[in-house]
Amino acid sequence: MNHNEIVSFLWGVADLIRDTFKRGKYQDVILPLTVLRRLDCVLAGTKETVLAKQAELRDKKLENLDPQLRKAAGFAFYNTSRYDFEKLLADAPDLAKNLRNYIAGFSPNMREVIEKFDFDNTISKLDEAGLLFQVLERFKKVDLHPSRIDNATMGTIFEELIRKFNEALNENPGEHFTPRDVVHLMVDLMLAGDAELIRRPGVVATVYDPCCGSGGMLMISKEHITSGLRKNGELLSPAINEQAELHLFGQEVNPETWAVSKSDLFMKDPSGRDADNLFYGSTLANDRHRGINFDYLIANPPYGKDWKRDETDVRAEHERGAAGRFPPGLPRISDGQLLFLLHMLAHAKDPAEGGSRIAIIMNGSPLFTGDAASGESEIRRFILENDWLEALIALPEQLFYNTGIATYVWVVTNRKAPERKGKVQLIDSSHFDQDTKTGLFCAAMRKSLGDKRREIPYAKAQDILKILADYTDGDTRTVTKDGKTEEIVVSRIFPTTHFGFRKITVERPLRLSFQASPERVAQLQAEKGFLALATSKKKGEAGARDISEGRALQEKICDLVNDLPEEPFPDRVEFDKLLTLAARHAGVKLTAPARKAILAALGERDENAEICTNGDGTPEPDPELRDTESVPLPPGPDPVDDEGIPASVQAFFDREVLPHVPDAWINTSKRDERDGLVGLVGYEINFNRYFYRYTPPRPLEEIEADIRTIEDDILRMLAEVTAAGRV
């Protein structure tokens, strides 16, 4: 059976258990039993040898049998139970008890893996329903021995099952499973330009995935380097270095997928080294690889998933500044993608030690979400100002099983080639023609799998890698539509500062005119400061006395205001003087809140009025006229004046603002926390802007013809309905 047939066969267990297990619980049965059956097949050849060695060592009364039993098994794990699947089924009445004995017979490292499935409860449920024998018998019929199902195929089987389970749960399988075509491209992007380094004799390299799921990215990375890429037995790409020593590292928060990847690595590497480097737990809250740096890092973090569960630990580490993993800032609590990128950067090797290369795939949110000085913007700033972003590749939509959204691969490195220093390459491989169902860098699948309707064939992936390697600004590819050919730009190169801006606050003066008209006087009755005059925090007689005195003051103020002239005053200073004289004449002592309430009620914005000034004579800003401007960061030096205003900001303000609002000024109190200069620095990458292609509207004649056709169709249908009514 090929892997699709095996997946269908195993998934067929659902027909047996559907009355006992809900659809979302199928994985509780199928996944652990698939792992157990694989382990059973793997250990079958050395089973008797292990049992004999155990008996021999027991007679010698040795305490630590583990090393020699591993050696006897030929793997870093073993099973000392006398049972296997065949013997378990031979004793049907005691199947549940014997199955538990079989599981307990595994070595401690593999028992830890199986425990993550919480399989003991499943055994009880199957036994109580009378299904345990039937289910185990079905698994006994499928041969998962490595000689029949190699490790790569078995990995695909596990991932296909996980995809089906998550579809059944209606959950996000993107958290666990990245399509193989996407993984192959990401691995090639991560390794791009490093072939000569990897070919060195005796080379040792490390690969790390902080959210490794079922381990596909780690295993494919190793295959690309030491085995090459094969499809249906055909060698598409040879190994880079068959003798390279690759060490894999990972962490995963989902217990079931961690167990799958851990068990798979145990079976692929007899030494158990890679499996021992795979840890369970939340990467963000509990970094199990703290202090270790890696050559290559790759990940597909969950999209749009909050990090509330890890918030306390993440914020505590952020407070540590450069000593922690999240020094520049934190993204909004609803999306933790950028936290994984920061985590990976924290595990990159220092350039003096050879540096690192990172490939991480995320949705569009990390490119532009967050204004200047926000956590997201500060993270982008951290990456771009350190010149770590090498390339950004927009992938076609509908590549994933659970979502059709646009995704982007970030290629990040701290050892850029000299020609790439200070630059970022954007590659647009998202083109897809809905009419022809073809794309420049993808192809429509013959059969959709969930939301996955497109894939990236090997040849098209190689073209993306060629664009990256050619490193040409304005690189194009040709597309044909309706018999016409068109050149499409697929590569753009910009300096890192191109994505930065300085957000300044532009103020305009407050201009108020004052008038004691009946309408404005009536507004005084609703002013908070005026109403507060007749209130008191005191209780009893003292409180009543304050309220009574306040009401009397309110009446005097109303009389005072009603006696003011009704003509408008376009100058606040002059009106305030008039108000002071009137109060003195009326014998009314105006408190600051009362004066403020009167000015607020009688004043209205008037562009022809005099500018309102503060006590020191400086113009008072009008909050309603306040605006912001985003000033692009210059590619070179940017001199600063005595007020801390960069020359680029002043030039922009003089050119774009003053000609339209001559009375405006820059608010110099709004300064960037990091450089102390006027304006908040922000970074965003509006990817689509750089590859926008204008599409002219259809000619009016065509639109009119379509409308007439639709009208004719409507009239025809109405006529048919009317005729049917007469009958």
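Just the heavy atoms: all of them, side chains too, but no hydrogens, waters or symmetry mates, feed the values below. Numbers here simply count residues along the sequence, with the first being 1.
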Under the salt bridge (charged side-chain N to carboxylate O under 4.0 Å, His left out) criterion, do Asp181 and Arg454 qualify, and how do the steps go?
CA-CA 10 Å; Asp181 53 325; Arg454 301 169 190 169; over 6 Å; no

Ring centroids only, cut at 6.0 angstrom: are [X] and [Y] within range, meaning strictly under it?
X: His289; Y: Phe279; result: yes
X: Phe382; Y: Tyr683; result: no
X: His247; Y: Tyr296; result: no

What distance separates [X] [atom1] from [Y] [atom2], expressed to the nearest 0.5 Å?
X: Ser491; Y: Ile467; atom1: OG; atom2: CD1; result: 7.0 Å
X: Trp307; Y: Leu339; atom1: CH2; atom2: CG; result: 5.5 Å
X: Leu189; Y: Ile464; atom1: CG; atom2: CD1; result: 7.5 Å
X: Glu378; Y: Glu385; atom1: CD; atom2: CD; result: 8.0 Å

Lys NZ or Arg CZ of Arg380 over Phe499 ring: under 6.0 Å, within 45°
no

[X] with [Y]: basic N within carboxylate O range, under 4.0 Å:
X: Asp475; Y: Arg492; result: no
X: Asp387; Y: Lys421; result: no
X: Lys416; Y: Glu390; result: no
X: Asp675; Y: Arg502; result: yes
X: Glu455; Y: Arg180; result: no
X: Arg325; Y: Glu317; result: yes
X: Arg381; Y: Glu376; result: no
X: Asp606; Y: Arg511; result: no

With no hydrogens and no angle check, just 3.5 Å: does a side-chain donor-acceptor pair link [X] and [Y]?
X: Gln337; Y: Asn363; answer: yes
X: Glu252; Y: Ser261; answer: no
X: Arg420; Y: Gln425; answer: yes
X: Asn254; Y: Thr257; answer: yes
X: Glu487; Y: Thr478; answer: yes
X: Ser669; Y: Asn667; answer: yes
X: Gln251; Y: Tyr208; answer: no
X: Asp451; Y: Thr403; answer: no

Which atoms form the tightest heavy-atom contact between [X] and [Y], and what is the distance?
X: Asn414; Y: Pro351; answer: O-CG, 3.5 Å
X: Gly364; Y: Tyr408; answer: CA-CE1, 3.6 Å
X: Phe501; Y: Ala372; answer: CE1-CB, 3.7 Å
X: Phe441; Y: Ile456; answer: O-CG2, 3.5 Å
X: Thr413; Y: Arg415; answer: OG1-N, 3.1 Å
X: Val678; Y: Pro646; answer: O-CD, 3.9 Å

Residue pair [X] / [Y], side-chain heavy-atom distance below 4.5 Å:
X: Leu384; Y: Val424; answer: yes
X: Asn293; Y: Ser356; answer: no
X: Leu248; Y: Leu278; answer: no
X: Ile198; Y: Ile225; answer: yes
X: Asp295; Y: Lys349; answer: yes
X: Ile666; Y: Gln650; answer: yes
X: Thr369; Y: Arg332; answer: yes
X: Val207; Y: Leu246; answer: yes

List the steps and the verdict of side chain to side chain donor-acceptor pair (under 3.5 Å) for Ser430 and Asp428.
CA-CA 6 Å; Ser430 64; Asp428 183 13; 2.5 Å; yes

Go through the steps for His431 and Phe691 under the test ring pair (Phe, Tyr, Trp, His ring centres under 6.0 Å), then give the verdict.
CA-CA 11 Å; His431 173 269; Phe691 295 95; over 10 Å; no

Walk me through whether Ile358 and Leu345 qualify under side chain to side chain contact (heavy atoms under 4.5 Å, CB included).
CA-CA 8 Å; Ile358 297 170; Leu345 285 166; 3.9 Å; yes

Parallel under 30°, tilted from 30 to 60°, perpendicular over 60°: which one fits the rings of Phe249 and Phe294?
tilted

Would you confirm whether Thr472, through its side chain, and Asp470, through its main-chain N or O, come within 3.5 Å as a donor-acceptor pair?
yes

Judged by atom type as modelled, is there a donor-acceptor pair below 3.5 Å linking the side chain of Asp622 to the main-chain atoms of Arg508?
no

Can you list the steps and then say if Arg357 with Val411 is a side chain to side chain contact (heavy atoms under 4.5 Å, CB included)?
CA-CA 7 Å; Arg357 287 183 65 81; Val411 180; 3.3 Å; yes

Run Thr178 and Asn300 through side chain to side chain donor-acceptor pair (under 3.5 Å) and show every step you take.
CA-CA 7 Å; Thr178 311; Asn300 174 18; 2.7 Å; yes

Apply the test side chain to side chain donor-acceptor pair (under 3.5 Å) to residues Thr613 and Glu620: give CA-CA distance (whole Å), side-chain angles for both, the deciding distance (0.1 Å), then the verdict.
CA-CA 5 Å; Thr613 58; Glu620 183 179 332; over 6 Å; no

